[in-house]
2 protein chains.
Amino acid sequence: MKALWLENQQLSLQDVPIPVAPDGEALIRVCLSGICGTDLELARGYYPYTGIIGHEFVGEVVESPDVSPSPNADWIGKRVVGEINAVCGECEQCTNGRPTHCEKRTVLGIVKRDGAHAEYLTLPLANLHRVPDSVSDEAAVFSEPLAAALEIQQQVHIQPADRVLLIGAGRLGQLIAQTLALTGCDLRVVARHSHQKQLLEARKIRLITKDEIQPRCWDVVVEATGSSSGFDMARRAVRPRGVLVLKSTYRGDVMVNFSSIVVDEITLLGSRCGPFAPALRLLESGAVDPAVLIVARYPLAKALEAFELARQPGMLKVLLES
Amino acid sequence: MKALWLENQQLSLQDVPIPVAPDGEALIRVCLSGICGTDLELARGYYPYTGIIGHEFVGEVVESPDVSPSPNADWIGKRVVGEINAVCGECEQCTNGRPTHCEKRTVLGIVKRDGAHAEYLTLPLANLHRVPDSVSDEAAVFSEPLAAALEIQQQVHIQPADRVLLIGAGRLGQLIAQTLALTGCDLRVVARHSHQKQLLEARKIRLITKDEIQPRCWDVVVEATGSSSGFDMARRAVRPRGVLVLKSTYRGDVMVNFSSIVVDEITLLGSRCGPFAPALRLLESGAVDPAVLIVARYPLAKALEAFELARQPGMLKVLLES
């Protein structure tokens, strides 16, 4: 099968064998996969990884080794999305309700597990979620980043009366904006690019310029740029005892003035993978509409070209189809 | 009156006029004041401040301008401790239940308000708390740092089954250890000096050496050393989705790896001033015993000598009496 292979920070399209699903896993034919900021960072060497990259997908289960009379047979032919952390179920994290933090986890297209920019992938059945019939492939392929956006509300109680500032309106930022807006909070978004702004304005999500941000006024600030300048802006904006959510992939270390964090009693909160079930519910209800982020679709054979486009500053979602 | 004056990072004992309490404030004769780590950092230039330093005290109200028939008269002759933030009551912080973060605050012996290492001080009546008769001056003088220790439980729900690691067993660390132990949590403390260890062991508080700290295992880690090495130790110890409390005065900036904070979804929490009423309740009940921290008492006239002693590594509480 065709697959996008990463090795020594070099991406290449390769022909590799179709994977074999081990017991408890399913072989999935990938319909669509999405290029994510983490893919781009991996290709730049953010984290050492060798293998097929990609972790956002929608596909169809074609095989599962231990079928009938087990309920596994039910999965065959089903359209699915999948949680990306494959976990042991036995470690302290798993048994304490934090499976996405499993110490032995493999992660689809990120840590020791071949990923989704390929014709086929395998994932544990436990990771799969059926896609409701009314949700299109173009929407379902956003399940993973939408779940990651919802992780913010999973971690922080966003009150409807809160003033919330989102810094960054890229691929993930747009989804965060759409989900935060559903809380009814007083949300403003700092967006850099005009097409990012247009998408937000079309949903009546209010923009704010850097210069308009009142310092020390925002109950919750979400930093989704992954830059040290974005963090500095967030730090100035958040109110005493406010929450600053780190929601991006950061390169290198950031200098932080701990004394001011102590004096203002700020909460700094890292946020990563989130819950798929509510993401699918919001896709089904139409309360979020991620498909507007799609700027291009490429056949898998042209994945390198697709990555070139995805690397452009401010670029939103580029999809691969196989 | 005699007072310990700070100017251009120079401490000196000076004769200054007894302050006059403005309307709404009380003139308090200081009985005992305590030398705190923040005093030492102020004297090193941590924050530009000119004036009388000191913010931990117990004293007696001797005057309040608008007495009878107002209830102010009730304060005269009373033994009191005082919250150190004098606030406007009208700003966004004050009106939203965060008076210690008042944007116009003055802070006793720290920000634009003469402090407690003096024969007299003034504070708003609203800041005062009566000391129960059964609480000695030697215990009451710890009300402010004990309240600061309790701010941790005010911010973080410490569950009795939590594994909690405290790094640092100095002046504030000892009080944090005593209060955390009251939650029933599985507490271990990293202490450097033998007399610090002895005080903890006398209360059956369990110690742990740096090398014994299991990485990624602790639900809550409190960093009370103010050092970058203490933070690194805390960061290694805290579990995924755990809470790392910053509870000290930090010099300069600290390098933080944000990606790992995001991947492990860590909460970093700054913690400062806390509630006096519960501190006084715990002093009254005897559940905490801060007086064991006292290593020396000096007359105010020998304040410079007292500061020299307080600066010794690992030194616990040095008191001034006037």
Side-chain angles (χ1 to χ4, degrees), chain A residues 38 41 46-47 92-93 96-103 107 110-111 148 151 154-156 163 214-217 219 223 226-228 230-231 239-274, chain B residues 38 41 46-47 91-93 96-98 100-103 107 110-111 148 151 154-156 163 214-217 219 223 226-228 230-231 239-274:
Chain A
T38 301
E41 287 300 321
Y46 153 68
Y47 180 89
E92 187 170 324
Q93 306 307 329
N96 282 282
R98 302 184 290 271
T100 58
H101 292 275
C102 170
E103 300 287 5
V107 187
I110 299 175
V111 182
E151 178 71 355
Q154 196 73 12
Q155 296 174 287
V156 183
R163 297 186 64 185
Q214 307 90 326
R216 304 170 67 75
C217 271
D219 300 299
E223 202 302 296
S227 68
S228 150
F231 173 72
R239 68 158 167 83
R241 288 204 188 137
V243 179
L244 195 168
V245 181
L246 301 173
K247 190 77 209 181
S248 190
T249 305
Y250 293 83
R251 258 174 257 158
D253 291 355
V254 177
M255 296 289 282
V256 184
N257 187 293
F258 273 8
S259 277
S260 82
I261 299 284
V262 169
V263 169
D264 289 336
E265 298 192 309
I266 300 302
T267 297
L268 274 185
L269 179 61
S271 179
R272 186 172 41 98
C273 295
Chain B
T38 301
E41 288 300 322
Y46 153 69
Y47 179 90
C91 72
E92 187 171 325
Q93 306 307 328
N96 281 282
R98 302 183 291 270
T100 58
H101 291 274
C102 169
E103 300 287 5
V107 187
I110 300 176
V111 182
E151 178 71 355
Q154 196 74 11
Q155 296 174 286
V156 183
R163 298 186 63 187
Q214 307 92 326
R216 304 169 66 75
C217 272
D219 300 300
E223 202 304 294
S227 69
S228 153
F231 173 71
R239 68 159 166 83
R241 288 204 189 139
V243 179
L244 195 169
V245 181
L246 301 173
K247 190 77 210 182
S248 191
T249 305
Y250 294 83
R251 256 174 259 159
D253 291 354
V254 177
M255 295 288 282
V256 184
N257 186 293
F258 273 8
S259 277
S260 82
I261 299 284
V262 169
V263 168
D264 289 336
E265 297 192 311
I266 301 302
T267 296
L268 274 185
L269 179 61
S271 179
R272 186 171 43 99
C273 295

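A quick note: this is a predicted structure, and the numbers were derived from the prediction, not measured. Throughout, a chain's letter reflects where its sequence line sits, starting with A, and its residues are numbered from 1.
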Taking all non-hydrogen atoms of both residues, which atom of Asp253(A) and which atom of Met255(B) are closest, and how far apart? CB-CE, 3.5 Å
Chain A contact via Leu246(B) - side chain, backbone, both or neither, heavy atoms under 4.5 Å: both
Which region of Ser248(B), side chain (C-beta onward) or backbone (N, CA, C, O), has a non-hydrogen atom less than 4.5 Å from a non-hydrogen atom of chain A, or is it both or neither? backbone
Side chain, backbone, both or neither of Phe231(B) within contact of chain A (heavy atoms, under 4.5 Å): side chain
Tell me, which pairs form a salt bridge (charged side-chain N to carboxylate O under 4.0 Å, His left out) where one or both residues lie in residues 255-265 of chain A, sequence neighbours left out? Arg216(A)-Asp264(A), Arg235(A)-Asp264(A), Arg241(A)-Glu265(A)
Check: Tyr47(A) and Ser259(B) side chains under 4.5 Å, non-hydrogen atoms: no
So which of Gln155(A), Glu92(A), Arg239(A), Lys247(A) has the biggest tally of heavy-atom pairs under 4.5 Å with chain B? Arg239(A)
Assess whether side chain to side chain contact (heavy atoms under 4.5 Å, CB included) is satisfied between Val256(B) and Val254(A), documenting all intermediate values. CA-CA 5 Å; Val256(B) 184; Val254(A) 177; 5.6 Å; no
Region of Ile261(A) in contact with chain B, defined by heavy-atom distances below 4.5 Å: both
At a heavy-atom distance under 4.5 Å, which candidate from Val243(B), Val263(B), Asn96(B) has the highest pair count against chain A? Val263(B)
Would you name the heavy atoms of Val262(A) and Ser271(B) that are closest together and state the gap between them? CG1-O, 3.3 Å
Identify, with sequence neighbours excluded, every residue that meets ring pair (Phe, Tyr, Trp, His ring centres under 6.0 Å) alongside Tyr250(B). Phe258(A)
